[in-house]
2 protein chains.
Amino acid sequence: MIPTDLIKGSLKTIVLKLLKEEGPMHGYAITHKVEELTEGKMKLTYGALYPVLHKLEKDGSLVTASENFNNRIRIYYSLTPKGHTVVAERIKELNEFIESLQRIVDTKPGLSHA
Amino acid sequence: MIPTDLIKGSLKTIVLKLLKEEGPMHGYAITHKVEELTEGKMKLTYGALYPVLHKLEKDGSLVTASENFNNRIRIYYSLTPKGHTVVAERIKELNEFIESLQRIVDTKPGLSHA
DNA sequence: TTGCAATATATAAACAACTTATATATTAAA
DNA sequence: TTTAATATATAAGTTGTTTATATATTGCAA
């Protein structure tokens, strides 16, 4: 299992990226999708997820649409045009981040001064 | 430039990994090594770095050795046996994290229900 | 010789973010 | 009937980071 503190900074980007590829999703589905994609290695907590969703809504990256499903309220979040712009930028940053992490992790002793 | 909030969770692992490969380093050198390895994409702030170093020292993963260089004090941090155990575990987690991020970022529309 | 950039470490106040616990409510299965 | 799964949400407490600040030396340029 990936410790939650590693996920911290990437949560926002992960949420935006999923909404981009999957279309409108509700919070519960987002956590399940992440578990599915990562084979259970990454799990989001609701205490972290909902504040992020609300924040993205507030800043205009997401809009919500409530739906009634089996007497349960589902709140679907989807990207706004602004959200599409933001997600493109964020993914670019995340790719740079992944690349940088790999360089650091792949460093082997001696090679740096070879 | 990679925004600092992405780096947050990985800072501790990055520091441990560098010390593992490079041997004893002082804080200033750590920030420069990270910049070098990532071609300036990732920059550590001292306000974040020093608290992490002190914390790792406190929990027994690092020890310090002061040295006088050109009348400037340099505090070299190096891994303890415990630190070596910790870094191995952390790198494993970081690799899982990188892999998971890539799966999420590489997801393309339609493929998930193809 | 004055001032700026680079070297080198460190702390504190303010802010942001996450964890944990908690609350609510429905449906299906055991 | 009670447990698990579905579904969203907030608040208190904790942790961690940013920003600003302090200190001090060396080397270079004006």
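Chain A is the first sequence line, chain B the second, and so forth, proteins listed ahead of strands; every chain is numbered from 1.
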Choosing from C:dA10, C:dT9, D:dT6, which nucleotide comes nearest the side chain of A:Arg74? D:dT6
What is the distance from CD1 of B:Ile30 to C1' of C:dA8, rounded to the nearest Å? 12 Å
Given axes from five pairs at either end, by how many degrees does the helix from C:dT1-D:dA30 to C:dA30-D:dT1 bend, rounded to 10°? 10°
Closest nucleotide among C:dT19, D:dT18, D:dA9 to the A:Thr45 side chain: C:dT19
Quick one: are A:Leu16 and A:Leu62 in side-chain contact, heavy atoms under 4.5 Å? yes
Check the pair A:Thr13, A:Glu93 against side chain to side chain donor-acceptor pair (under 3.5 Å), reporting the backbone distance first and the verdict last. CA-CA 9 Å; A:Thr13 306; A:Glu93 288 167 355; 5.7 Å; no
I want to check one thing: is the phosphate of D:dT10, taken as OP1 and OP2, less than 4.0 Å away from some side-chain N or O of A:His54? yes
Closest to the A:Pro51 side chain: D:dT10, C:dT9, C:dA17? D:dT10
Tell me: OH of B:Tyr46 to C1' of C:dT7, nearest whole Å? 8 Å
Here the distance between atom C1' of D:dT6 and atom CD1 of A:Ile75, to the nearest Å, is 14 Å
Ring-plane angle category for A:His26 and A:Tyr28, please: parallel below 30°, perpendicular beyond 60°, tilted otherwise. parallel
Can you name the nearest heavy-atom pair linking B:Ser61 to B:Lys82, along with the distance? OG-CE, 4.4 Å
Find the distance B:Tyr28:OH to D:dT23:C1' and express it as a whole number of Å. 15 Å
Salt bridge check: are B:Glu96 and B:Lys92 linked by an N-O gap of less than 4.0 Å? no
How close or far is atom C1' of C:dC15 from atom NZ of A:Lys55, stated in whole angstroms? 11 Å
Categorize A:Tyr76 for me: base, sugar-phosphate, or nothing, with a 4.0 angstrom heavy-atom threshold over every strand shown. nothing
Return the value, rounded to whole Å, for the distance between atom CG of A:Asn68 and atom P of C:dT27. 10 Å
Between C:dA17 (C1') and A:Lys58 (NZ): distance, integer Å: 14 Å
Rounded to whole Å, CD1 of A:Ile73 lies from C1' of C:dT27 at a distance of 15 Å
Polar side-chain atom of A:Ser66 near backbone of A:Ile75 as donor-acceptor pair, under 3.5 Å: no
B:Lys41: what forms a salt bridge (charged side-chain N to carboxylate O under 4.0 Å, His left out) with it, not counting sequence neighbours? A:Glu99
Heavy atoms under 4.0 Å, any strand shown: does B:Gly27 hit a base, just sugar-phosphate, or nothing? sugar-phosphate
Nearest heavy atom decides the nucleotide; on that basis, is A:His32 or A:Lys8 closer to the 5' end of DNA chain D? A:His32
